[in-house]
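Below is one structure, written out as structure tokens, with a few remarks after it.
Quick note on labels: first sequence line is chain A, next is B, and so on, each numbered from 1.
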Amino acid sequence: MSPPEPLESPTHFIRTRIRKEVESGQYEQVVTRFPPEPNGYLHIGHAKSIVLNFAMAAEFGGYTNLRFDDTNPAREEQRFIDAIKEDVSWLGYRWQNECHASDYFETLYEYALSLIDNGLAYVDEQDGDRIREQRGSLTEPGTNSPYRDRSAAESRELFERMRAGDLADGACVLRAKIDMAAPNINLRDPVIYRIRHQSHPRTGNDWCIYPSYDFAHGQSDAIEHITHSLCTLEFEDHRPLYDWLIEHLPVPSRPIQIEFARLNIDFTVLSKRRLTRLVEEGYVDGWDDPRMPTLAGLRRRGFTPQAIRNFCTEIGVTKSESVIPYGVLERNLRDDLNARAPRRMAVLRPLKVVLTNFPEGEIEWLEAANHPQDPEQGSRKVPISREIWIEHDDFMEQAPRKFFRLKPGGEVRLRNAFIIQCNEVIKDSAGNLVELHCSFDTESRSGQPGADRKVKGTIHWVSALHAVEAEVRLYDRLFRVPNPSANKEVDFVEHINPDSLETLADARLEPGLDQAVAGQLFQFERLGYFVPDPATSPEQPVFNRAVTLRDTWAKLEKALA
RNA sequence: AGGGACGUCGCCAAGUUGGUUAAGGCACGGGGUUUUGAUCCCCGCAUUCGCAGGUUCGAGUCCUGCCGUCCCUGCCA
């Protein structure tokens, strides 16, 4: 049984538009780019963009570049560049070219010069506060800078001095000369170059002036012959500026910017600023903490690239802002893993059961299918002996009516083994549950005619003699509220869920699981999907729970209570 | 003097140039299969498209006016 085919991509406005353009012969091929700024790790929101960009290019016979938008050396680092490349690769995508906006610094500089020479840009020597004041407000037009009408020659000379390093940070900036009264604030003579005496991860100390996003992005697109520059909604207001620059610069192609809504998921934060805080202030264990919505975190949590791609396809691409329930992400993981993860038995909170009529010292090996729906996954032999561990939750002394598991006097089937009956509940002097004495029905072994006998419940177990002791980490949502960032008066970290990580030090796993390595995926039957943490070892196995199984009993139980 | 967007079922989301019964998925409810209360399989689930008018034989799709939500005043991206 192979994983379900990725769902058929539903159509969306970008695909529809591009298809139309391609069919009318506007483009020979579609070239896109994924343009992260290397100032943090990629998260699930970036995955949406990655999937979209690569899908559009692949669908229309083109390719996608990975381009680092590295125009602000103050916050960009090589380690982020490396991590981003690893994450995109892991997701399953191969970019055509690895590009960097910094590769184009020289060209961009020449473009700036041409703008100056054409009277479309000027060097402003005012400080940031002054420029801000003159920008006006949302309802009032801005006012012209006194430097606005200086000669092109003068601006050129000043700009050359900026580049030469003669001027201090903040001494002046290069501004596009557009319209200080424009209703769109981005058009009120935007700053396109600033001075930053700062070493750059790639260009070192070659430059002390750096282009702004607006001046670098569209031009980089044009240089790479990107046909469709897909970005999120907040850049919608920048499109007039994007187009203005493309129109007034001697660029080699004319890319089109199209905006779509960014991804939001409830109970999580998806802004790099906030994720950076979680990491830097130690609320989580790093960028790859399994509770983080980063690709590195999801990977460590046990998410598969396929599940993430399916998720990104399923949620669609529109211009309306939506919030996707966290459960949708989880379900995509379940759907993918259900199809392919081999099944194993593991007990998270062990309760000892003595099989009173099982011969002392004897070991029996039972056949267990690796996957109930996929015979191709074969089977394995699982040992059982006189003492076994069962899940603490699978026994109740005072059980409600609908409780199908073990209770005093009751019967239950041991998965892959036989039916047992609880004859005696052993407690210590303080009244604490110590162990259960059960007898088993010798005729009910799996595969034998007696196994057909119907009992309500089936529970998992692990032979005490053979069990692998392990640490298992259970994760819950990182935040307690659906929208941690909703209220600007309250710091989002106030909403962190104190119980987002539960460590079980005393889990007992089926033998063999001590040899598992990171990247392998298992379903621990009746519990969920688990994956070895990178820190696992045969001596000290550590597993992460990626996601639980659907649990209708838990729902029922809650409803009854 | 503000500008730019968005509003179709609880959550996503299709809806060709207006054309006759408003896709699909998830969630939810009911039933069946089952040695995972899992999976899987059936069945059900918007007389209605933010609201109000208008145009039309016919409107979610066109027009007008409201209402609501989001984004924009970094030398961040």
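Both the sub-6.0 Å distance and the 45° axial angle are satisfied by A:Arg477 relative to the ring of A:Phe267. Note that A:Arg274 lies in the cation-pi zone of A:Phe492, set by a 6.0 Å cut-off to the ring centre and a 45° limit from the axis.
Nucleotides B:U8 and B:U48, compared at atom C1', are 9 Å apart to the nearest Å. For the P atoms, the distance linking B:G60 with B:U47 amounts to 13 Å, nearest Å. Nucleotides B:A22 and B:C49 have their P atoms positioned 11 Å apart, rounded to a whole Å. Comparing the same atom, C1', in B:G30 and in B:U69 gives a spacing of 37 Å after rounding to whole Å. Straight-line distance between the C1' atoms of B:G19 and B:U56: roughly 11 Å, to the nearest whole Å. When the C1' atom is compared between B:U20 and B:G4, the two are found 38 Å apart, to the nearest whole Å.
Mapping A:Pro183 and A:Asp129 onto RNA chain B via the closest heavy atom, the residue that lands nearer the 5' end is A:Pro183. Between A:Ala451 and A:Val323, the residue whose closest nucleotide on RNA chain B is further toward the 5' end is A:Val323.
Between B:C75, B:A38, B:C71, one nucleotide has an atom nearer to the side chain of A:Pro372 than all others, and that is B:A38. With distances taken from any side-chain atom of A:Phe403 to the nucleotides B:G37, B:C12, B:G4, the minimum falls on B:G37. Of the listed nucleotides (B:U73, B:A38, B:C75), B:U73 has the atom at the smallest distance from the side chain of A:Ser137. The side chain of A:Asp69 has B:A77 as its nearest neighbour among B:C75, B:A1, B:A77. Each of B:A27, B:A13, B:G15 was ranked by its minimum atom distance to the side chain of A:Arg331; first place goes to B:A27. Considering only side-chain atoms of A:Ser320, the nucleotide from B:A13, B:C26, B:C75 that sits closest is B:A13. Each of B:A77, B:C12, B:U36 was ranked by its minimum atom distance to the side chain of A:Arg343; first place goes to B:U36.
The interatomic distance linking A:Ile192 (CD1) with B:C76 (P) rounds to 14 Å, in whole Å. With rounding to whole Å, A:Glu259 atom CD is found 14 Å from B:G3 atom C1'. We find that CZ of A:Phe260 is positioned 17 Å from P of B:A5, with the value rounded to whole Å. Protein atom CZ of A:Phe13 is 12 Å distant from nucleotide atom P of B:A5, rounded to whole Å. If you take CG of A:Asn184 and P of B:A1, they are 17 Å apart, rounded to a whole angstrom. Note: CD (A:Glu321) to C1' (B:C11) measures 16 Å, nearest angstrom.
For the residue pair A:Arg239/A:Asn186, the side-chain donor-acceptor check at 3.5 Å is not satisfied. Residues A:Ser145 and A:Asp124 bring a donor and an acceptor atom of their side chains to less than 3.5 Å of each other.
Within the structure, every side-chain polar atom (N or O) of A:Thr16 is placed at least 4.0 Å from both OP1 and OP2 of B:U16. Taking 4.0 angstrom as the limit, A:Arg196 places a side-chain polar atom (N or O) nearer than this to OP1 or OP2 of B:C76. Between A:Arg135 and B:C75 there is a side-chain N or O to OP1 or OP2 distance below 4.0 Å. Between A:Ser212 and B:G74 there is no side-chain polar atom (N or O) within less than 4.0 angstrom of OP1 or OP2. A sub-4.0 Å separation between OP1 or OP2 of B:A38 and a side-chain N or O of A:Thr552 is present. Note on A:Arg334: every side-chain N or O is 4.0 Å or more away from OP1 and OP2 of B:C26. Between A:Arg75 and B:A77, a side-chain N or O to OP1/OP2 separation shorter than 4.0 Å is absent. Contact check, A:Arg132 against B:G74: a side-chain N or O comes under 4.0 Å of OP1 or OP2. Considering only side-chain N and O atoms, A:Lys555 lies under 4.0 angstrom from the phosphate OP1 or OP2 of B:C28.
The distance between the ring centers of A:Tyr109 and A:Phe159 falls below 6.0 angstrom. Between A:Tyr193 and A:Tyr210, the distance separating the two ring centers is not shorter than 6.0 angstrom.
By the criterion of a centre-to-centre distance under 5.5 Å and near-parallel planes under 30°, the ring of A:Trp553 forms a stack with the base of B:G37.
Look at B:G44: its Watson-Crick or wobble partner, with both distances under 3.5 angstrom, is B:C28. Remark: B:U16 base-pairs with no nucleotide; criterion is Watson-Crick or G-U wobble with both hydrogen-bond distances under 3.5 Å. Nucleotide B:A5: paired with B:U69 (Watson-Crick or G-U wobble, both distances less than 3.5 Å).
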